[in-house]
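Please read the structure below before turning to the comments.
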Amino acid sequence: MNKLSQTLQNTVAAATFATLLLITGNARAEDTIKVGVLHSLSGTMAISETTLKDTMLMLIDEQNKKGGLLGKKLEAVVVDPASNWPLFAEKARELLTKDKVAAIFGCWTSVSRKSVLPVIEELNGVLFYPVQYEGEESSKNVFYTGASPNQQAIPAVDYLMNDLKVKRWVLAGTDYVYPRTTNKILEAYLRSKGVAKKDIMINYTPFGHSDWQSIVADIKKFGSGNKKTAVVSTINGDANVPFYKELGNQGVSAEKIPVVAFSVGEEELSGIDTKPLVGHLAAWNYFMSIDSTKNAAFIKQWQDYTKNPKRVSNDPMEAHYIGFNMWVKAVEKAGSTDPAKVQEAIIGVEYPNLTGGTAKMLPNHHISKPVLIGEIQDNGQFLTVWQTNTLVDGDAWSDFLPESKPIIADWTAPISCGNYNTKTKKCSGQNYK
Amino acid sequence: MTWQSCASTLRIFHAEKENMKPNFTRCCCCLMAILMLLLPSLTLSEDSANEAVYTAALARLNATSMTERSAAIDQLAAVKAPRAIVILQALLDGHLFNLILENKLVIGTEIDAGYKLIDAKSGQDLGIAAREATQKINLNNSLRVSLRKTLGRLQLNANEAKARMNAVQAIAKDIDSESLALLRERLVVEKDVGVQDEIRLVLGLEQLNSTDKTERLGAIDLLKDQANQEVVNRLNALQDQDTEGQFAETDVDVRNYAKAALVKINARLKVYAAIETLFFGLSLGAVLVLAAIGLAITFGVMGIINMAHGELMMLGAYTTYVMQQLMPDHLGWALILSIPAAFVISALVGIAIERGIIRFLYGRPLETLLATFGVSLFLQQTVRSIFSPLNRSVASPEWMSGTWQINDFLSLTWNRFYILVFCFLVFALLLQILKRTRLGLEVRAVAQNRTMAKAMGIPTARVDALTFGLGSGIAGIAGVALSQITNVGPNLGQAYIVDSFMVVVFGGVGNLWGTLLAGFSLGIANKLLEPVAGAVLAKILVLIFIILFIQKRPRGLFPQKGRAAES
């Protein structure tokens, strides 16, 4: 091997090692409780996930200021799975076996969660997953603090159908498990509401897609008829920026064809000029613009922590906020960080969310949330135009897909199962599909 | 007082002009404000008459409920006064605020220190307020639509033809008998041909609902030459059948006439669609060519497999970002200046890579590949450390956003159009450099026969460095173009490196024309396939096609000929 490439290789190896040391080497004291943070700090998902890492560090820092947990200090173990799905599993294994963390907070995309799932079940860890997802899953070891489809997608479609009188639907998404499953559920739901097949257009694009010309032109054509058309977007990651840019450039205004997005929050909008996007919609369970004292305090804390008075907060951050505090409460209740004890103690734990309600951990490992629909304003914030009166309980298995209709998840005795078939009265065990 | 405020408003107006940030709505607002202030007597008399209505409406506008706000808009519109229009326009433009402490509505113009305020009710100048002291009066979509329509009605008699045109279009979105009467009145006195046509179109569409058969036939006659989406929709609707097989249009003659008109329109639509697809393909091709053309020099002419090529583009894109940060008020100039800046920066980095690494590895392609891949990771991480791993937002100047609306069915986006033109310019320039300059001559000589060139006294080492620098610099320029259409982030380069190699290999290594043709044909092929197969499958199909093509013609579209190519 050449001398030069050898040196290069060595340097890279040394640099990686040094970074690892820096991250994990702090405070090696025995009397700490370790908390794993598993979010991509590089790659295509870094745009969304870096913020969550910082949120976790802030929450842990705050808990330590309050005196830690069970008399011990909390210690964050941050690893970078680099938007590389198999690496998520590797890093999760490392966190559980090498660092022996009490709980992991992490993942964004569903592929990363699916990749971590077998590891976390094998080693009986605890994972808090903070992002809205497609449902059809409930693991003993995972707590889903983001929205399931009935807490985001279905109410959003209802809003479009009832309030905006939308008759034609474009379901546009990135090509992976979350958009595909969500669109399957949505299509079944729309068909059950009497929407004809020709009035539904489904489109998938790869991660990081940047040439949206013809797709936006197609959407424009599809929506040019007499029927009111809306786009339901499950486009994920940084592909959203060129998508919205193209919408703005081709003059697809929200008044003509509104786009309701499930993965675009304040953070993603802070990277684009929102003037042409005013009026497009997003469905979430939290908006930064929500007027509540808890939210104001949270935003102030976040901006002080990041030393950036313009830093925005978003929905998955709130999910981590709720999830982390529920975990703290459960550990205190159980008097131990032992995963088995925490899993039992956390069911039924309540914690106030930032929008003025109280989230509750349900037996199916999902939480109750309000559903909000907001319109994008020119300052990159959302104006709430519709919201549910009460909190909605997360439903793991969609009632709109025939195969998952009879299935429920209940992790309390006597069922204690993530996919219990109420018809055959059988628990079919987990699947990692 | 009045003069003072007037002068200050004018000052802002001038300052804006100097800033070269033309904001027409804001200027309009200012002009209207000036007008208002110049006519104090008129406003005063109105005040006494409509004072009560104003006060009530403004209070309701300030309420949080959207229904209240909507009622307030109707109330304000009912007072047909210039100031109501100013307030409504400000509301639509997002310039209407609530001054939190005093709980009163103000119209604000954005300046550096916060907002320059004018009292909405009296038109009084209120000085400057900090951003935090105000709260914007928000709108939702349905309110925005109705507000546009209301404003349209109020502005139907505006002085500028453009304002009237907008007014007619806004009214057309949601037509009712009152609006129709207004439009008919306007048509009698309207002088501008464009506005006349627009009104006739709206009236013609309405005429389709007439109970008289000849009226309806006349309407179709009038409409059939219009390239308008609404016309197509309405003519299509005439053919609709309800569940019992009853046609929406009862008369057979009208139906057939509409059908004939539709056939003609549809034929035109097909042509437009083809032009659009061609444009999309060309613009995607332009991006590919821009990305690949630098590689065509380093890989094609010099034979270096440079995996860091994408990162050199990324550097160009980040240069644009930095330039915009340095000149936040002159986005357009920043973009234009970024072109030479990006060229220089990427070229320097390229030369450094060549002198520092690649020159030790000539003739060992595998090691060059690995080393340059290492360099690409290094560059990515450097950018990540300096600019953060998050994407940076690069704004588009005004002249690059929006569309060139040829008619209702055909519109081309400006940013893609400029990139297409830019691509041709870069290509022509590069061709001239290679053909007509001394460097170009030396480059070609070294590429054809290195030893012979050396024997002729050409400093091959220097030429190598300069050629690599040229290719890298072009990559930097491509980065500037990419910053306008995609995310500027550390991964920008990776997304284009594979495509770039594909284009160069498909076009024929060492041939610039081949690269150009390959880029455009791949772009068009992609866009032709995309509607049929979807974005993912289209890419796969193109890739398979290239693999098969390379099997048949291993040297690409335009293979190099001669002895040099054989070795």
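Predicted model only: the values in this text are computed from it and were never measured. So you know, we letter chains A, B, ... as the sequences are listed, proteins then strands, and number each from 1.
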Among Met400(B), Gln381(B), Arg416(B), single out the residue with the greatest number of heavy-atom pairs under 4.5 Å to chain A.
-> Arg416(B)

Compare all side-chain heavy atoms of Tyr496(B) with those of Ser210(A) and state whether any distance is below 4.5 angstrom.
-> yes

Closest approach of Gly279(A) and Arg144(B), non-hydrogen atoms and distance?
-> CA-NH1, 3.6 Å

Atom pair CG/OG of Asn526(B) and Ser214(A) - distance to nearest 0.5 Å | 8.5 Å

Does any heavy atom of chain A fall under 4.5 Å from the side chain of Ser411(B), the backbone, both, or neither of them?
-> side chain

Below 4.5 Å from any heavy atom of chain B, which atoms of Gln213(A) appear? Answer side chain, backbone, both or neither.
-> both

Asp291(A), CG atom: more than 12 neighbouring heavy atoms under 6.0 Å | no

Please determine, among Leu164(A), Val385(A), Asn203(A), Val278(A), the option with the most heavy-atom pairs under 4.5 Å with chain B.
-> Val278(A)

When Ile485(B), Thr486(B), Leu537(B), Thr413(B) are compared by non-hydrogen pairs under 4.5 Å with chain A, the top option = Thr413(B)

Between Gln250(A) and Thr403(B), do the side chains contain an N or O donor and an N or O acceptor separated by less than 3.5 Å?
-> no

Do Glu530(B) and Ile215(A) touch side chain to side chain, with heavy atoms closer than 4.5 Å?
-> yes

Any idea which of Ser253(A), Pro206(A), Ser224(A), Pro242(A) has the most non-hydrogen atom pairs under 4.5 angstrom with chain B?
-> Ser224(A)

Is Lys539(B) atom NZ crowded by more than 12 heavy atoms from other residues, nucleotides or ligands, each under 6.0 Å away?
-> no

Identify which of Val287(B), Leu377(B), Asn487(B), Leu482(B) forms the greatest number of heavy-atom pairs closer than 4.5 Å to chain A.
-> Asn487(B)

Main-chain N/O of Gly402(B) paired to Asn249(A) side chain as donor or acceptor, under 3.5 Å = yes

Top contributor to chain A contacts, counting heavy-atom pairs under 4.5 Å, from Gln380(B), Arg148(B), Gln494(B) | Arg148(B)

Taking everything shown except Phe373(B) itself, do over 12 heavy atoms lie less than 6.0 Å from its CZ?
-> no

Please flag which part of Asp211(A) lies under 4.5 Å from any non-hydrogen atom of chain B: side chain, backbone, both or neither.
-> both

Charged N to carboxylate O under 4.0 angstrom, Glu276(B) versus Lys221(A)?
-> yes

Locate the shortest heavy-atom distance separating Ser483(B) from Lys245(A); write the atom from each residue and the value.
-> O-NZ, 3.9 Å

Atom group of Thr205(A) that falls short of 4.5 Å from chain B, counting heavy atoms = both

Measure the CG-CD distance between Asn415(B) and Glu246(A) for me, rounded to the nearest 0.5 Å.
-> 6.5 Å

